[in-house]
Amino acid sequence: MIESHIYEWVNLLVRWIHFIVGVAWIGASFYFNWLENNLNRNSPQEPGITGNLWAVHGGGFYHLKKFKTGPEQLPTHLHWFKWEAYTTWLSGMTLLVIVYYFNARLYLIDPSVRDLTSGGAVIVSLVSILGSWFVYDVLCRTALKNHKRLLATTLILYFTLLAWFLCDVFSGRAAYIHVGASIGTMMVGNVFFVIIPAQRKMVSALEQGRKLDAAMGEKGLLRSTHNNYLTLPVLFIMISNHFPSTYGHEWNWLVLIMVSLASIVARHYFNIRVVMKSLWWLLPISFAMMVGVMWFTAPNPVKTSDVFNNQDAIVSVMSVVSQRCTVCHSETPTQSGFSSPPLGLVLDSIEQLEINADKVYGAAVLTKTMPVGNLSGMTDEERNLLAGWYENFAKGEN
Ligand code: HEC
C-alpha cells in the first residue's frame, strides 16, 4: 500500500520536473526561432550587426542585436542554454524507467501485440532509442547533408519505419512514447554532440583572436533546423497517452506519422510566414490533414453478442467487469502498484458501470486499450458481450 503511494509520488515529482524543464527548453527554442525570423534587418545597422529587435515585455523595454559573426571581445558573462535540454532528457529517461521498465508487463508489453518478456522489452526499448540517434547521426554525416530535402525525406521514412516497428512489438501507448523518446534523444544529442561543441569552437576562436569561420555554425544550423521541425511531433507524442483513439487504433503507426506530418507543415508555415506570405495555404493543409486523421480514426460499428434483456445483460457484463476491471478500477484495488483507482474511475457497482458506460465501451471495445496490457486477460467474447449490452441498452442513457 505505502509502496504504491511512494511510487505514485516519485512518478509525480519526476513527471513534474520533466514538464518544467521541457517547457524551459522548448520555450527558449521557440523564442530564439521567433527572434531569428523577426529581426529587423532592413534599416541601417550598427557596424558588425546583422539585425536588431525592439520588444516590450513584463513592464520593460528590450533591445536585442544579432552579430554578423561575433563580438570583437568575449563578454564576461555569456549564457549558453544547454541545461534545459540535458535535464529534459535525463528526467524523461528516468520517467521511462519508472513507468515503463518497472511495470514492463503493465505498460510496455501487450501480449495481443507481441508476447515479450520484460527483459526483452527493455532491451528493444533501449536499442530503439539509442540506435535511432546512431542512425540519424550517421545520416547527417553522409553526402545527404548537402541535400537537405532528401535528408529530410529519408528521416521521415526512417521514423515511419520506426513507428511501424514499435507498434508491432509494444503496446500502442508505449510504442508512441518510444517514438517520442527516440526523437527527443536525437534532439538532445544534437545539442550535446554538435551544437554546443560548435559553439565552443566559436568561443575559443574569439578568445584566441582568430576570425570566426562560417562553416562552424553550418553544422549546428542543420541540426538545429531538424530540432525545430521535430518539436511539435514530440509534444504531440507526449500528450498522446490521453488519447486512446490515436495509439489504440489498428493503424496507430500511420496515425502517429500523419499527425506528426500535419504538425511539421504547420511549423513550416510559422517558420517562413514572415518572408513568404504567399504560402498561407500551408496552415489550412495542416488542418485538413488533422481532420483527415479524425475521420480515419472514427470508430467502426463492432460485432455484438445476441440481444438479451437488460437485466441479464447487466448481470453478465458486471461479472466481466468485476473479473477484468475492478482489480484496478475499485475503491480498493487489489492489483499491486495501485493504491487508488486509476484516473478515479471506479466500477464497483452497477450504477458506477452505467454512469461510465461510454468510457468503458470506448476503452474495452473500441480501442481495446483496457485492461492495460490485457493484464487481467479479457477475451474477445467478453468484449462482444460488453458491446452488445452497450449497443442495446446503455448507449445514449447518460
Ligand atoms: C491493471 C490495471 C487496470 C485494469 C485491469 C483496467 N484498467 Fe482501466 N485504467 C488503468 C490505468 C492505469 C488507467 C489510466 C491510464 C492513463 O494514465 O491514461 C486506466 C484508465 C481507464 C479509462 C480511462 C478513464 C478516463 O477517465 O479517461 C477507462 C475508461 C478504463 N480504464 C476502463 C477500463 C475497463 C473497462 C477495464 C476492464 C475491462 C479496465 N479499465 C481495466 C488500469 C487498469
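Just follow the structure's listing: the first ligand is 1, and inside any ligand the first atom is 1.
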Partners passing side-chain hydrogen bond (donor to acceptor under 3.5 Å, both in side chains) against [X] (at least two apart in sequence or in another chain):
| X | answer |
| --- | --- |
| Y31 | none |
| N11 | R15 |
| E46 | K65 |

Using the ring of F30 (Phe, Tyr or Trp, six-membered ring only), decide whether R267 places NZ or CZ under 6.0 Å from its centre and within 45 degrees of its axis.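 R267 over F30 ring: yes.
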
Taking the cut-offs as 6.0 angstrom to the six-membered ring centre and 45 degrees off its axis, would you call R114 and F170 a cation-pi pair?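 Verdict for F170: no cation-pi partner in R114.
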
Taking the side chain as every heavy atom from C-beta outward, state whether I237 and V179 have any atom pair closer than 4.5 Å. yes

Ligand 1 N/O to protein N/O, distances under 3.5 Å:
unit_1	atom_1	unit_2	atom_2	d
ligand 1	7 (N)	H329	NE2	2.8
ligand 1	9 (N)	H329	NE2	2.8
ligand 1	18 (O)	R173	NH1	3.4
ligand 1	26 (O)	K359	NZ	3.1
ligand 1	31 (N)	H329	NE2	2.8
ligand 1	40 (N)	H329	NE2	2.8

